[in-house]
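Below, read A as the first sequence line, B as the second, and so on, with proteins coming before strands; counting in each chain starts at 1. Because the structure is a prediction, the values reported are computed rather than measured.
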Protein chains: 2
Amino acid sequence: METDCVGPRKLGDLQLKIMKVLWARGRATVSEVQQDLDGAKALAYTTVATMLRKMESRGLVRHLSEGRTFIYEAAYEESSVSKNMADDLVERLFEGRLSSLVSHFLSTRDVSEEELDRLEKLVRKSKRSKGKQ
Amino acid sequence: METDCVGPRKLGDLQLKIMKVLWARGRATVSEVQQDLDGAKALAYTTVATMLRKMESRGLVRHLSEGRTFIYEAAYEESSVSKNMADDLVERLFEGRLSSLVSHFLSTRDVSEEELDRLEKLVRKSKRSKGKQ
DNA sequence: CATAATCTACTACTTTGGTAATACTACCTA
DNA sequence: TAGGTAGTATTACCAAAGTAGTAGATTATG
């Protein structure tokens, strides 16, 4: 599991959903992706196939053949993509300040108490591990 | 300054930069935007003008004429756009869980101690105000 | 007045994402 | 073996973002 940095900073809606399916399943055929994908409006089989091919040419996924069937898998880890996309946004929007993002969230959304607890714990833990470093 | 909710959930790079210029200046002509915009590679005047026209047709900005010159201004507040974009990402990436986002950041980036302090204060404050509600 | 500078309007082109129909091929089954 | 089924390949469209040239009008200036 290499550090395999880099990776995409932006993914379209469909592309991200497809990646999620692949991350969840490890590897999947076109029809498996298609099935896992549908929520309400099912996409045509060929739509999914085409998207996968485009994504492959962009290096987001790769495939191996099993008989005449393609088995796709993600070319990047989920954490790496999430990181990049989140970084990108915080960069573009808040000049890289995580606290600006959070403050924004806290002031514009109704964050539940459990969420707040989780957050507090996270920050504390992070501070601790930072302190003794 | 109405609550003017809604607003765009996604903005391209250039569009966001233009919005930032408008937010910073309040209102601006095409050439003002063009000037404020440049960082390294300057864009053609017409590029900026075209983009502004496209953005206007999408409702992101509006203009008023002063003589034959257009004065543009943002049609949405910065906070509202930031919120939408951030919400969109957290939705797409972390199923809406702010803590997942933060945890992600804390574990993948080197967040400074000051940032951590800021964060802790933010969360505490938010918890307090929530408690007595 | 003539000409240069400044504006908007229009047109155009390239990518990328999304969506899908068609076509062709291989395989399975009655 | 004939026909449906399941796969990939090819082709096509549309919309949005980004970039910019050209045209035409207006204003300022020498």
Side-chain angles (χ1 to χ4, degrees), chain A residues 7-22 27-73 81 84-85 88-89 92, chain B residues 7-22 27-73 75 81 84-85 88-89 92-93:
Chain A
R9 293 179 73 78
K10 295 181 203 287
L11 286 185
D13 277 350
L14 178 57
Q15 301 193 351
L16 182 57
K17 284 184 194 142
I18 288 178
M19 291 302 271
K20 288 193 173 196
V21 171
L22 293 180
R27 45 185 51 188
T29 64
V30 173
S31 38
E32 284 168 339
V33 173
Q34 187 202 12
Q35 278 157 26
D36 282 22
L37 220 48
D38 90 295
K41 66 135 184 284
L43 291 176
Y45 181 93
T46 51
T47 299
V48 179
T50 303
M51 200 65 233
L52 276 165
R53 219 155 327 102
K54 286 189 180 183
M55 287 169 75
E56 180 156 39
S57 82
R58 205 187 138 189
L60 295 174
V61 304
R62 49 178 174 266
H63 81 275
L64 35 149
S65 303
E66 189 159 288
R68 66 191 176 111
T69 304
F70 284 8
I71 315 277
Y72 284 95
E73 61 182 15
V81 173
N84 286 334
M85 291 182 65
D88 180 64
L89 189 88
R92 288 182 348 127
Chain B
R9 293 181 73 80
K10 296 182 201 287
L11 286 186
D13 277 351
L14 179 57
Q15 301 193 353
L16 182 57
K17 283 185 194 140
I18 288 178
M19 290 302 272
K20 288 192 174 197
V21 171
L22 293 181
R27 45 185 51 189
T29 65
V30 173
S31 39
E32 284 168 341
V33 172
Q34 187 201 13
Q35 278 158 26
D36 282 22
L37 220 47
D38 91 295
K41 66 137 185 282
L43 292 175
Y45 180 93
T46 51
T47 299
V48 180
T50 303
M51 199 65 234
L52 276 165
R53 222 159 323 105
K54 287 189 178 184
M55 287 170 75
E56 179 156 40
S57 82
R58 204 187 137 190
L60 295 174
V61 305
R62 49 178 175 265
H63 82 274
L64 37 148
S65 304
E66 190 159 285
R68 65 188 177 116
T69 304
F70 284 7
I71 315 277
Y72 285 94
E73 63 182 13
V81 173
N84 287 334
M85 292 182 66
D88 180 64
L89 190 89
R92 284 177 359 122
L93 226 45

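- B/M51 places its CE atom 13 Å from the P atom of D/dA20, with the value rounded to the nearest Å.
- Judged as a salt bridge (charged side-chain N to carboxylate O under 4.0 Å, His left out), and not counting sequence neighbours, the contacts of A/R62 are A/E73.
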Tabulate atom names and distances for all N/O pairs under 3.5 angstrom spanning the protein and nucleotides 4-6 of chain D.
unit_1, atom_1, unit_2, atom_2, d
D/dA6, N3, A/R68, NH1, 3.4
D/dA6, N3, A/R68, NH2, 3.3

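- Direction change of the helix axis from one end of the helix from C/dC1-D/dG30 to C/dA30-D/dT1 to the other is 20°, with five pairs defining each end axis (rounded to 10°).
- Within residues 9-16 of chain B, the residues approaching DNA chain D are B/G12, B/D13, B/L14, B/Q15, by heavy-atom distance under 4.0 Å.
- Counting only residues at least two apart or in different chains, side-chain hydrogen bond (donor to acceptor under 3.5 Å, both in side chains) contacts with residues 63-72 of chain B comprise B/E56-B/H63.
- Not counting sequence neighbours, the partners of A/A44 by the side-chain contact (heavy atoms from CB on, under 4.5 Å) test are A/T46, A/T47.
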Please list, for nucleotides 10-15 of chain D, all pairs of protein and nucleotide N/O atoms separated by less than 3.5 Å.
none

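- Bounding nucleotides for the chain A contact on DNA chain C, 5' to 3', at a heavy-atom distance below 4.0 Å, are C/dG17 to C/dC27.
- Using a 4.0 Å heavy-atom cutoff across all strands shown, A/A49 reaches no nucleic acid atom at all.
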Could you tabulate the donor-acceptor pairs under 3.5 Å formed by side-chain atoms of residues 10-17 of chain A, not counting sequence neighbours?
unit_1, atom_1, unit_2, atom_2, d
A/K10, NZ, A/D88, OD2, 3.1
A/K10, NZ, B/D13, OD1, 3.3
A/D13, OD1, B/K10, NZ, 3.4
A/D13, OD1, B/R92, NH1, 2.4
A/Q15, OE1, A/R58, NH1, 3.1

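- The salt bridge (charged side-chain N to carboxylate O under 4.0 Å, His left out) contacts involving residues 44-55 of chain A comprise nothing, where partners must be two or more places apart or lie in separate chains.
- The shortest distance between the side-chain N/O atoms of B/T47 and the OP1/OP2 oxygens of D/dT19 is not below 4.0 Å.
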